[in-house]
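All remarks here apply to the structure that follows.
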Amino acid sequence: MQWETVIGLEIHTQLATQSKIFSGASTAFGAPPNTQACAIDLGLPGVLPVLNAEAVRLAVRFGKAIGAEVAPRSVFARKNYFYPDLPKGYQISQYELPIVGEGRVEIVLGDAAVKSIGVTRAHLEEDAGKSLHEENLAGGGYTGIDLNRAGTPLLEIVSEPDMRTPQEAVAYARKIHQLVRWIGISDGNMQEGSFRVDANVSVRPLGQTRFGTRTEIKNLNSFRFIERAIQFEVERQIDVIEGGGTVVQETRLYDPERDETRPMRSKEEANDYRYFPDPDLLPVEIDVAFIVDAVADLPELPDSMRERFHTQYGLGEYDASLLTAGRELAQYFEAVVQATAEPKLAANWVNGELAAALNRSEIEIARSPVSAAMLAGLIHRIQDGTVSGKLAKQVFEAMWSGEGDADSVIQARGLRQITDSGELEALIAAIVAANPGQVEQYRAGKDKVFGFFVGQVMKESKGKANPQQVNEILMRVLASD
Ligand code: ADP
Ligand code: MG
């Protein structure tokens with residue numbers, strides 16, 4: 001039996017506001033427990049929530065960035081449940097009337113195919129607090145509650161069940177991550193919990209139109225875990241069905257240490273939450289002026305930029321998508337192109353040497369020791385033949401480790417390519433004279449020996465001889481008399 005996987009993601013991204021969604025308490029990360037939770041976050045009696053307009057503005061930016069309708073009127077609802085980290089006994093969220101309606105994003109797959117994924121909705125809500133199950137808390141055996149996170153603004157982005165492989169799910173999650181950072185609505189910091197993914201997963205026999213029963217894997221906080229957790233869950237569900245059982249709709253947790261998912265609780269239905277409009281908050285009414293203002297400084301979006309890199313610079317879809325993975329990277333690339341008018345070469349260097357070096361050193365493009373101007377300088381020296389492509393890699397490494405710009409490195413390390421034909425002729429004449437045996441072999445028809453001579457010239461010149469000229473001179477010299 002052939003199985004098809006169906007995946008839909010719910011992504012919680014923390015909005016980059018200074019203060020909480022309904023109170024003035026700070027949202028800064030890392031403060032000592034319970035120092036940033038005020039009476040409103042604690043749900044003390046007699047206080048009223050006041051909506052933070054900045055959170056609304058950021059949600060609107062997201063809506064417009066995915067081509068969605070921004071609701072002129074949206075409503076906050078109470079989602080009731082009991083949990084130690086939820087002091088009010090309900091979470092303020094949006095249910096029937098979310099602020100952002102249907103939109104779409106594009107993902108680029110490994111084979112450079114572009115797939116469009118539907119976004120069902122995005123709604124504003126507050127985060128809950130955090131339970132700390134620490135071994136030695138207060139002598140052991142206790143769970144601590146930190147309410148600093150309670151009331152932090154979140155945008156929950158719900159996708160259509162449009163993904164068919166774990167890789168597509170990761171590509172979509174990366175896309176949303178890229179986008180929220182690109183438009184400046186979230187720092188997307190996954191270690192700090194600013195970007196958390198719930199994966200809904202089901203399987204069905206290939207060709208069946210009805211969806212299978214899904215499970216939901218909660219709180220995945222790395223792209224690798226998203227892929228691993230879904231992969232495990234797909235295999236588990238297929239095993240269950242092929243073993244004659246049925247998949248139970250439930251919420252599961254992924255354990256990275258054992259690389260498996262485990263049941264957490266049976267799935268609650270919407271009516272378990274007894275949603276109702278929050279009487280403490282007015283409906284959110286947004287007029288055109290508010291929307292215009294919220295999107296006024298939206299930068300060119302990644303999809304449009306990717307498409308432009310493709311058409312304007314003639315780059316492949318895959319290269320273009322790598323270069324638009326982040327806004328700083330895209331800007332860096334364009335700065336190099338502007339200075340060199342060599343988009344292909346620039347793309348190769350940015351996606352090649354530079355990306356590898358950034359990866360190795362685990363730093364972001366903004367902190368690259370090789371600036372766009374420096375890389376452009378190196379590309380100029382490749383263009384004008386001062387260094388060969390091979391030596392250019394050495395120059396790049398030297399720039400990376402702080403030896404200065406391309407010209408200084410080439411000068412200091414003597415990496416200038418030898419293009420002086422007199423110098424090359426002399427070098428080659430000496431090598432030919434020193435290897436009469438090989439000359440004879442070559443003239444007797446052993447073409448392979450040509451490579452031996454090229455190797456000798458490169459060795460003698462420490463890789464600096466201009467390869468094209470070496471070829472030409474060698475051809476001529478070996479063919480003569
Ligand atoms: P709930 O409100 O119970 O969480 P939703 O209908 O809002 O349920 O769906 C939540 C997420 O689950 C969405 O991202 C949706 O695309 C996804 N989803 C729904 N049905 C399935 C299914 N059968 N298989 C995989 N994902 C699904
Ligand atoms: Mg849901």
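Computed over heavy atoms, backbone and side chain alike; hydrogens, waters and symmetry mates excluded. Atoms within a ligand are numbered from 1 in the order they appear, just like the ligands themselves.
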Candidate with minimal heavy-atom separation from atom 1 (P) of ligand 1, of Arg214, Glu160, Glu216, Glu156: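 Residue with the shortest heavy-atom distance to the ligand atom: Arg214.
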
Candidate with minimal heavy-atom separation from atom 23 (N) of ligand 1, of Pro161, Gly118, Gly212, Ser159: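 Checking each option, the heavy atom nearest atom 23 (N) of ligand 1 is found in Gly212.
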
Answer yes or no: is there an ion pair linking [X] with [Y], defined by an N-O contact shorter than 4.0 Å?
X	Y	answer
Glu257	Arg262	no
Lys79	Glu125	no
Lys218	Glu216	yes

Test item: side-chain donor near acceptor, Gln383 and Thr340, under 3.5 Å: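 Result is no, nothing qualifies.
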
Ligand 1 versus Leu9: contacting region, heavy-atom distance under 4.0 Å: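 Contact part for Leu9 vs ligand 1: backbone (N, CA, C, O).
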
Ligand 1 versus Asn200: contacting region, heavy-atom distance under 4.0 Å: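 Looking at Asn200 and ligand 1, atoms from backbone and side chain both fall under 4.0 Å.
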
CD/Glu364: more than 12 non-hydrogen atoms of other groups inside 6.0 Å: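 Result for CD/Glu364: open.
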
Sub-4.0 Å atoms of ligand 1 with respect to non-hydrogen atoms of Val158: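 Those qualifying, in numeric order: 13 (C), 14 (O).
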
Proximal atoms of ligand 1 relative to Val6 (non-hydrogen, under 4.0 Å):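 Every atom of ligand 1 under 4.0 Å from some heavy atom of Val6: 24 (N), 25 (C).
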
Side chains of residues 279-286: which donor-acceptor partners sit under 3.5 Å, not counting sequence neighbours?
residue	atom	partner	partner atom	Å
Asp280	OD2	Arg78	NH2	3.1

N/O separation below 3.5 Å, Val201 to ligand 1: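 N/O-N/O distance below 3.5 Å does not exist for this pair.
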
